[in-house]
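Notes follow the structure.
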Amino acid sequence: MEHERILVIAAHPDDTEFFTAGSAAKWVRAGRRVEYCISTSGEKGFTGEAGRALSTEERWAIREEEQRAAARIVGVETLTFLRHVDGELENTPALRRDLVRVIRRARPGLVIAEDPAMSAYDSFYGYHSDHRVIAQAVFDALYPAAGNENYFPELIEEEGLAPFSPKEAYFGHAFHGANVWEDITETFDLKIRALACHKSQIEDIDELTPILRDWAKRAGEGEGLACAEAFRSLKVPQ
């Protein structure tokens with residue numbers, strides 16, 4: 001991989017752990033700088049009486065700290081929380097402006113996000129509306145907005161953020177159409193440890209681990225990899 005700076009964008013805390021934490025750990029070990037941008041703080045992930053007793057700010061604090069702890073496990077030090085409303089993401093100019101701001105600030109060569117081409121609808125979790133929306137919004141922010149001075153000129157004038165186009169995007173959860181596979185055999189355990197940090201959402205990491213190991217096996221089996229994360233790579237027009 002040629003990219004020294006990598007930006008991972010996700011809808012909720014814990015999404016990065018599910019689809020790219022093994023790769024993130026591998027890239028950090030190789031000396032790459034990896035950042036996370038989380039679009040919502042997952043405040044609707046609390047249910048029942050205990051959840052109702054918490055304010056929105058308290059829910060943000062819990063889930064954001066869980067995400068920070070998970071990021072530390074894989075070596076990611078820089079995180080941005082956009083705090084859009086959980087469950088209500090829309091591909092609006094406001095969301096795209098926030099994404100463009102992060103891209104122009106981080107100046108990554110590679111952006112990781114969920115795949116806007118996903119259409120199987122074979123999982124309610126996987127096709128949560130926020131996942132679908134952030135995938136499309138990232139795609140639209142990458143081109144033409146991030147690199148075009150006519151998009152969000154206030155970011156240039158008021159914040160000094162010059163237009164910038166990443167060279168490439170990896171779209172994750174790409175069981176169909178994948179053309180990049182990261183061998184995460186050496187970092188799978190870190191992926192699980194990172195996911196276990198999301199204690200408010202995951203009751204039994206031991207129950208979930210075999211499922212994730214099966215995903216990793218299926219992601220890599222076509223390439224002869226026993227444990228992998230798969231992506232669909234697309235060059236970003238410059």
Side-chain angles (χ1 to χ4, degrees), residues 5-48 50-87 89 98-99 102 105-106 108 110-114 125-126 128 130-131 134 138 170 172-173 182 184-213 215-216 227 229 231:
R5 295 187 178 191
I6 300 168
L7 173 64
V8 181
I9 302 174
H12 314 105
D14 80 18
D15 288 347
T16 57
E17 282 63 58
F18 277 103
F19 82 91
T20 195
S23 299
K26 178 181 176 181
W27 296 329
V28 170
R29 283 184 173 184
R32 272 79 180 187
R33 175 185 171 88
V34 181
E35 294 188 27
Y36 286 172
C37 173
I38 312 298
S39 305
T40 82
S41 291
E43 65 272 13
K44 292 183 180 174
F46 297 86
T47 57
R52 288 191 292 272
L54 297 171
S55 68
T56 297
E57 290 76 13
E58 289 170 326
R59 296 176 184 208
W60 285 344
I62 290 169
R63 297 218 59 190
E64 289 177 11
E65 182 49 41
E66 289 176 344
Q67 183 62 79
R68 290 188 187 96
R72 286 194 292 270
I73 294 290
V74 300
V76 172
E77 298 178 354
T78 301
L79 296 86
T80 300
F81 296 96
L82 300 182
R83 286 188 174 176
H84 285 257
V85 179
D86 184 17
L89 275 185
D98 284 347
L99 295 173
V102 174
R105 177 190 54 75
L110 174 66
V111 171
I112 315 290
E114 299 215 42
Y125 173 80
H128 184 299
D130 285 350
H131 293 186
I134 198 60
V138 171
Y170 281 7
H173 281 153
E182 291 290 342
I184 61 167
T185 303
E186 299 299 320
T187 56
F188 180 80
D189 288 346
L190 288 177
K191 177 186 178 83
I192 296 302
R193 284 176 53 199
L195 192 56
C197 292
H198 297 279
K199 298 182 186 300
S200 70
Q201 308 300 303
I202 297 171
E203 295 182 2
D204 189 346
I205 191 64
D206 292 335
E207 181 179 338
L208 188 57
T209 298
I211 297 172
L212 292 177
R213 191 172 290 281
W215 287 3
C227 193
E229 288 171 343
F231 304 91

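Residues take their numbers from the sequence shown, with the count starting at 1. Computed from heavy atoms alone, side chains included, the values below leave out hydrogens, waters and symmetry copies.
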Practice problem: Flag the pair Arg5 and Glu35 as a salt bridge only when some basic side-chain nitrogen lies within less than 4.0 angstrom of an acidic carboxylate oxygen. | Solution: no
Self-check item: Heavy-atom pair of closest approach, residues Ser39 and Leu82
Solution: O-CB, 3.5 Å
Quiz item: Is any side-chain heavy atom of Val74 closer than 4.5 Å to a side-chain heavy atom of Thr16?
Solution: no
Practice problem: Kindly give the heavy-atom pair with the smallest separation between Ala21 and Tyr36, and that separation in Å. | Solution: CA-OH, 4.4 Å
Quiz prompt | Glu43 and Thr56: side chain donor to acceptor below 3.5 Å | solution = no
Practice problem: Answer with yes or no whether the side chains of Thr80 and Arg105 bring together a donor and an acceptor at under 3.5 Å. | Solution: yes
Quiz item: Is it true that Lys26 and Glu182 have a side-chain N and a carboxylate O under 4.0 angstrom from each other?
Solution: yes
Quiz item: Tell me, which pairs form a salt bridge (Lys or Arg N to Asp or Glu O under 4.0 Å) where one or both residues lie in residues 69-86, sequence neighbours left out?
Solution: Glu64-Arg83, Glu65-Arg72
Quiz prompt | Thr40 vs Val85 side-chain heavy atoms within contact, under 4.5 Å | solution = no
Quiz item: Among side-chain atoms of Asp130 and His84, is any donor-acceptor pair under 3.5 angstrom?
Solution: no
Quiz item: Under the side chain to side chain donor-acceptor pair (under 3.5 Å) test, which residues partner His198, sequence neighbours left out?
Solution: Glu17
Practice problem: Write down the atom of Ser41, the atom of Arg63, and the distance for their closest heavy-atom approach. | Solution: O-CB, 3.3 Å
Quiz item: Can you find a pair of side-chain heavy atoms, one from Thr20 and one from Trp27, that are under 4.5 Å apart?
Solution: yes
Quiz item: Side-chain contact, heavy-atom cut-off 4.5 Å: Leu195 with Leu212?
Solution: yes
Quiz item: Looking only at heavy atoms, which two atoms of Ile134 and Ala11 are closest? And how far apart?
Solution: CG2-CB, 3.9 Å
Quiz item: Does Val111 reach the side chain of Val138, with side-chain heavy atoms less than 4.5 Å apart?
Solution: yes
Quiz item: What is the ring orientation for His131 with His12, classed by angle as parallel under 30°, tilted 30 to 60°, or perpendicular over 60°?
Solution: tilted
Quiz item: With side chains defined as the heavy atoms from C-beta onward, is the minimum distance between Trp60 and Phe81 less than 4.5 Å?
Solution: no
Exercise. Would you indicate whether the side-chain heavy atoms of Pro108 and Ile6 approach each other to under 4.5 Å?
Key: no
Quiz prompt | Over all atoms of both residues, closest heavy-atom pair of Asp14 and Gln67 | solution = N-OE1, 3.0 Å
Quiz item: Within the side chain of Thr187, is there an N or O that forms a donor-acceptor pair under 3.5 Å with the backbone of Ala25?
Solution: no
Quiz item: With side chains defined as the heavy atoms from C-beta onward, is the minimum distance between Lys199 and Ile62 less than 4.5 Å?
Solution: no
Exercise. Could you walk me through whether Thr78 and Arg33 pass the side-chain hydrogen bond (donor to acceptor under 3.5 Å, both in side chains) test, one step at a time?
Key: CA-CA 9 Å; Thr78 301; Arg33 175 185 171 88; 3.2 Å; yes
